[in-house]
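In what follows, a single structure is set out as structure tokens and then discussed.
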Amino acid sequence: MKFIVSSNTLLKNVNTIGGVINNNNTLPILDNFLFELKGNELTITGSDLETTISTTFEVESEDEGKIAVPSKILTDTLKTFPAQPLTFIQKDGNTLEIVSEQGNYQLAYEDASEYPQTPDVEEAHLTKLPASVISEAILKTIFATGNDELRPIMTGVLFQAQPDVFNFVATDAHRLVKYSRTGLQSVEAAEYIMPKKPLNLLKNILGGNNDEVTIEYNQTNTRFTFQNIVLTCRLIDGKYPNYDAVIPKENPNVLTINRNLFLSSLKRVAIFSNKTTNQIRLKLIGNSLTISAEDVDFANKAEERLPCEYNGTDLQIGFNSKFLIEMLNNLQSDDITLEMSEPNRAGIIKPVDGLEEGEEILMLVMPVMLNA
């Protein structure tokens, strides 16, 4: 097998799928990319068994063949080349030769028959969404996923399709984010939980592109097809908790404040909080918000007063500052509202502006008990 390809084209495609390969694979063959050549089309595949990504693009060739090429040495070599055509030649003795303008390089390849097959998504349901919607949904939710391997369903993002709305939900039991989009193509009702790793890969692949992504899914796997890229992954098995049940419906105390002003103040005051609890105190009286933190062990203390718009009864409530800061960092609005009811019930953050038509974001954060 022999083919000629632009070094830049090959590097771009290798970088697209390279993130799927683990540093420590249980199967040595997974340290490789699978190269499949059919005439002038080359398909490169990377996998970690749970997630598989392939990309297909044109090269100069009339050959056919299939080999497994070491991913690290190939990627490291491609990064060093200036833009130029490269010739790849399969040699006897399981050797792949790369011919460039600078010289010749040989690396050992593996038998492609050992490479695991990409799982087929049988009896799949199908839907289509704009790439920009999926990447924005991932961006807005993935930070709120959990890391507890004993509760695997909370380590992923719930994709929930209903005839009139798509919901994307993430929670780690201390905070929850629900990102919703209406006005999209109607689909049959469906729910599945996407793992974190393929979502991060998808986010990088899709970017802000507006092309359509075809999503096929069944009970065990899902497949995303976008331009020349196909990502297949195993879904997280289990039933997602009833997230609507934990979202308080009656929140009479509503704080409206400039997001950047609130965020900057939280970042400063949080420096003086206890490093174990990251607790900050919000005190609301009239149209004044007082943010304070204290670390008794080290006699550290900070307090700031901010102007705001507040409708409700006087209230003191505590939150984990890291959660609030992360949530505000993941919003783009100028102003936000923080809806509350009691000091021991969750607060609801919503953006006031900056949303597209049919777009809705709700962020829930659990309070922490205040010391008297």
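Scope of the values below: all heavy atoms of this structure, side chains included, with no hydrogens, waters or symmetry mates. All figures in this text were calculated on a predicted structure; none of them were measured in a lab.
Lys275 places a side-chain N or O within donor-acceptor distance of the main-chain N or O of Ser273, the cut-off being under 3.5 Å. A donor-acceptor pair under 3.5 Å is formed between the side chain of Thr222 and the backbone N or O of Glu216. Side-chain atoms of Asp172 come within 3.5 Å of backbone N or O of Arg175 as a donor-acceptor pair. Under a 3.5 Å cut-off, the side chain of Lys197 and the backbone N or O of Val20 do form a donor-acceptor pair. In terms of modelled atom types and a separation under 3.5 Å, the side chain of Gln279 and the main chain of Val368 share no donor-acceptor contact. Although no hydrogens or angles enter the test, the distance criterion places a donor-acceptor pair under 3.5 Å between the side chain of Ser135 and the main chain of Gly207. At least one donor-acceptor pair closer than 3.5 Å links the side chain of Asn32 to the backbone N or O of Ile29. Asp335 places no side-chain N or O within donor-acceptor distance of the main-chain N or O of Val352, the cut-off being under 3.5 Å. The closest donor-acceptor contact from the side chain of Ser7 to the backbone of Pro82 lies under 3.5 Å. Within the 3.5 Å criterion, the main-chain N or O of Asn24 finds no donor-acceptor partner in the side chain of Asn22.
By the 30° and 60° cut-offs, the orientation of the rings of Tyr179 relative to Phe168 is tilted. Ring planes of Phe224 and Phe159: perpendicular class, angle over 60° (limits at 30 and 60°).
Here the two rings, on Phe88 and Tyr109, have centers that are 6.0 Å apart or farther.
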task: Start with the C-alpha distance between Arg281 and Glu294, add both sets of side-chain angles, then the distance that settles salt bridge (Lys or Arg N to Asp or Glu O under 4.0 Å), and finish with yes or no.
output: CA-CA 9 Å; Arg281 180 190 300 254; Glu294 185 175 9; over 6 Å; no
message: Using the rule given for side-chain contact (heavy atoms from CB on, under 4.5 Å), can you reason through Leu42 versus Val5, listing the C-alpha separation, both sets of side-chain angles and the distance that settles it, and then say yes or no?
response: CA-CA 10 Å; Leu42 177 65; Val5 64; 5.7 Å; no
What pairs of donor and acceptor atoms, side-chain ones from residues 145-152 against any protein atom, are under 3.5 angstrom apart with sequence neighbours left out?
unit_1, atom_1, unit_2, atom_2, d
Thr145, OG1, Ile142, O, 2.7
Thr145, OG1, Lys196, NZ, 3.2
Asn147, OD1, Lys196, NZ, 2.8
Asp148, OD1, Leu150, N, 2.9

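In this structure, a donor-acceptor pair under 3.5 Å is present between the side chains of Glu97 and Asn104. There is a side-chain donor-acceptor pair under 3.5 Å between Tyr243 and Gln160. A donor-acceptor contact closer than 3.5 angstrom links the side chains of Ser113 and Asp111. Counted by atom type alone, Asn278 and Ser321 present zero donor-acceptor pairs between their side chains at under 3.5 Å. Ser333 and Asp353 form no side-chain donor-acceptor contact under 3.5 Å, judged by distance and modelled atom types alone. No side-chain N or O of Thr56 forms a donor-acceptor pair with one of Asn228 less than 3.5 Å apart.
Under a cut-off of 6.0 angstrom, the local environment of CG in Asp237 is sparse, with at most 12 non-hydrogen atoms contributed by other residues, nucleotides or ligands. Heavy-atom neighbours of Ile73 CD1 from other residues, nucleotides or ligands within 6.0 Å: at or below the threshold of 12.
The two residues Pro195 and Arg234 make their nearest non-hydrogen contact at CG-O, 3.2 Å.
Hydrophobic cluster membership differs between Val177 and Ile236, with clusters built from Ile, Leu, Val, Met, Phe, Trp and Tyr side chains linked at under 4.5 angstrom.
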